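Quick notes on the structure that follows.
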Amino acid sequence: GAVVSQHPSRVICKSGTSVKIECRSLDFQATTMFWYRQFPKKSLMLMATSNEGSKATYEQGVEKDKFLINHASLTLSTLTVTSAHPEDSSFYICSAREGLRDEAFFGQGTRLTVV
Amino acid sequence: GENVEQHPSTLSVQEGDSAVIKCTYSDSASNYFPWYKQELGKRPQLIIDIRSNVGEKKDQRIAVTLNKTAKHFSLHITETQPEDSAVYFCAASIGGYSTLTFGKGTMLLVSP
């Protein structure tokens, strides 16, 4: 299958700071990327969908000014958690799709801890 | 929008037994149904998928069935092994640029 690489895998930051998470497709062009948040023992909650070169579409209840998504190229999307607070601590995971293909492949996820 | 229900939430089986996880979906336009396996702290891995033009698909010990009329699909794992223990998610989408809607997941525990 296709390879999606997400970095960092773990990050600890202080409350009030910003954290950037990168999601890269290594061997295909990711026309669409998805960002999810996953709480312990829970399902994947879609935060936003981004298409290369256009603004991300956020799901209801997700603050676009807090979770900044940039899909600047066909191989890279970034999620920036701005002014992070302890309640933002979670497992964030991206997935990517190529063109009109159905299959979506996931990055390895980022465990964010805000202290 | 699409709603995917998944059952059971937890499934415990003995090694060698079969396991079945069931999902229903609400949007009749959905035509792509993948299954993902997620081990603790790791990424979901696509293990099998099915499209609406077929009713069944097999890959070694794993099979998926789809009933479009009833809008449900199931994952079947035969001869389960301890390494099958994980959380399994079903999903549905209309395909193309549409998003995947996930079920809530099933934690499968296979005891030796």
Side-chain angles (χ1 to χ4, degrees), chain A residues 1-7 9-10 21 23-26 30-54 56-60 62 71 90-113, chain B residues 1-11 21 23 25 29-54 57 59 64 66 73 85-109:
Chain A
V3 180
V4 177
S5 179
Q6 185 174 340
H7 293 280
S9 57
R10 291 177 183 274
I21 302 169
C23 180
R24 292 181 184 272
S25 58
L26 298 186
T31 6
T32 308
M33 285 191 170
F34 307 91
W35 286 95
Y36 297 86
R37 185 171 178 176
Q38 188 174 34
F39 294 99
K41 299 184 179 181
K42 296 291 184 183
S43 189
L44 297 147
M45 184 190 82
L46 180 65
M47 298 174 67
T49 302
S50 71
N51 292 298
E52 183 265 337
S54 60
T57 302
Y58 289 80
E59 295 299 301
Q60 192 171 12
V62 178
H71 191 166
S90 192
F91 190 61
Y92 293 88
I93 192 163
C94 68
S95 74
R97 242 183 193 158
E98 181 180 18
L100 291 175
R101 295 187 62 178
D102 294 324
E103 299 89 345
F105 299 95
F106 284 85
Q108 58 265 57
T110 298
R111 174 74 57 193
L112 170 63
T113 304
Chain B
E2 175 68 280
N3 182 47
V4 177
E5 298 283 341
Q6 182 172 348
H7 298 280
S9 56
T10 306
L11 178 60
I21 303 170
C23 289
Y25 61 99
S30 289
N31 58 11
Y32 176 64
F33 308 92
W35 286 89
Y36 289 86
K37 174 184 179 181
Q38 187 179 27
E39 297 177 12
L40 188 63
K42 297 190 176 180
R43 77 182 82 195
Q45 296 271 17
L46 177 66
I47 57 171
I48 196 168
D49 56 16
I50 192 168
R51 290 171 177 79
S52 58
N53 57 344
V54 297
K57 184 176 178 180
D59 183 3
V64 57
L66 171 65
F73 57 112
S85 296
V87 178
Y88 291 80
F89 292 99
C90 64
S93 83
I94 300 174
Y97 290 115
S98 72
T99 60
L100 282 170
T101 301
F102 285 88
K104 292 188 184 303
T106 296
M107 179 176 289
L108 173 64
L109 301 170

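Just so you know, these numbers come straight off a predicted model, no measurement behind them. Naming convention: chains lettered A, B, ... in sequence-line order (proteins, then strands); numbering from 1 in each chain.
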Just verifying a value: how many Å separate Lys41(A) NZ and Ser9(B) OG, rounded to the nearest 0.5 Å?
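One finds 11.5 Å between NZ of Lys41(A) and OG of Ser9(B).
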Straight-line distance of Asp102(A) CG to Asn31(B) CG, nearest 0.5 Å:
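One finds 6.5 Å between CG of Asp102(A) and CG of Asn31(B).
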Examine whether an atom of Gln6(A) lies under 4.5 Å from a heavy atom of chain B, and if so say whether it belongs to the side chain, the backbone or both; otherwise answer neither.
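Contact with chain B: none, neither part.
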Which heavy atom of [X] sits nearest to which heavy atom of [Y], and what is that distance?
X         : Y         : value
Ser43(A)  : Phe102(B) : OG-CB, 3.9 Å
Arg43(B)  : Phe106(A) : NH1-O, 2.9 Å
Thr99(B)  : Phe34(A)  : CG2-CE2, 3.6 Å
Phe105(A) : Leu46(B)  : CE2-CD2, 4.2 Å

Between Gln6(B), Gln45(B), Arg51(B), which has the largest tally of heavy atom pairs under 4.5 Å with chain A?
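Result: the option with the highest number of such pairs is Arg51(B).
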May I have the step-by-step check of side chain to side chain contact (heavy atoms under 4.5 Å, CB included) for Leu100(B) and Arg97(A), ending in yes or no?
CA-CA 11 Å; Leu100(B) 282 170; Arg97(A) 242 183 193 158; 4.0 Å; yes
Indicate yes or no: at least one non-hydrogen side-chain atom of Lys104(B) is less than 4.5 angstrom from one of Leu44(A).
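No, too far: nothing below the 4.5 Å cut-off.
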What I'd like to find out is whether the side chain of Pro44(B) reaches to under 4.5 Å of the side chain of Gln38(A), using heavy atoms alone.
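No, their side chains stay 4.5 Å or more apart.
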